[in-house]
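Report on the following structure.
Positions are given from 1 along the sequence.
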Amino acid sequence: MRRSLLLLPLCAVAALLAGCGNKGPLYIPKATPATTPAHPATPATPAATTANPAAPVPVHGYVTDLKAFDAFIATHPTPAQFRTAYPDVQLVMPGSPSTRELRNDNSRYFPELDKDGRITGGKFM
């Protein structure tokens, strides 16, 4: 009887530790000083996107065509333009906390920004 009472707290602790999972350490990218863009972007309206044929077509799902993605990054898009073009890819801005887990599906992008807040490069993690 006593042995079973002593094992009860031990089982509870083991169950709590098992629920933690192996999510990896917390990753916080290098912080960059916050700057405001010289020309703030205006939100796109449906009429403005249909009137502009050069507007990027949203790519749903994760990035599979890396050549097209690199060509898009070469245009130095703003974070808003990135989210419009790739709505299913998580954009982790510098200074934002994020877990550092292994993702092989190109679903999370860590950008490098210039002084105007435009994306100049980055990497998938």
Describe, in one word, how the ring planes of Phe69 and Tyr86 are oriented to each other, choosing from parallel (under 30°), tilted (30 to 60°) and perpendicular (over 60°).
-> perpendicular

What are the two closest heavy atoms between Gly117 and Pro79, and how far apart are they?
-> O-CD, 3.3 Å

Give a yes or no on whether Phe124 and Val59 share a hydrophobic cluster (residues Ile, Leu, Val, Met, Phe, Trp, Tyr; joining criterion: side-chain heavy atoms under 4.5 Å apart).
-> yes

Could you tell me the separation between the CD1 atom of Ile73 and the CD atom of Glu112, rounded to the nearest 0.5 Å?
-> 10.5 Å

Shared hydrophobic cluster, Val63 / Phe72 (ILVMFWY, side-chain heavy atoms < 4.5 Å) = yes

Between the side chain of Thr84 and the main-chain N/O of Ala80, is any donor-acceptor distance below 3.5 Å?
-> yes

Is there a side-chain contact (heavy atoms from CB on, under 4.5 Å) between Thr78 and Gln81 once you walk through the steps?
-> CA-CA 5 Å; Thr78 63; Gln81 291 170 336; 3.3 Å; yes

Rounding to 0.5 Å, atoms CZ (Phe110) and CD (Gln90) come to a distance of 7.5 Å

Rounded to the nearest 0.5 Å, what's the gap from CZ on Phe82 to CZ on Arg118? Could you check?
-> 14.5 Å

Closest heavy-atom pair, Ser107 versus Asp105, reported as atoms and distance to 0.1 Å, is OG-OD1, 2.8 Å

Could you state the interatomic distance from CZ (Arg83) to CG (Leu91), rounded to the nearest 0.5 Å?
-> 4.5 Å

Decide whether Leu66 and Tyr62 are clustered together by the hydrophobic rule: side chain heavy atoms of Ile, Leu, Val, Met, Phe, Trp, Tyr closer than 4.5 Å, transitively.
-> no

Roughly how far, to the nearest 0.5 Å, is CG of Leu113 from CD1 of Ile119?
-> 6.5 Å

Calculate, to the nearest 0.5 Å, the distance between atoms CZ and CZ belonging to Arg103 and Arg108 respectively.
-> 4.5 Å

Quick one: closest heavy-atom pair of Pro94 and Pro111, and the distance?
-> CG-O, 3.8 Å

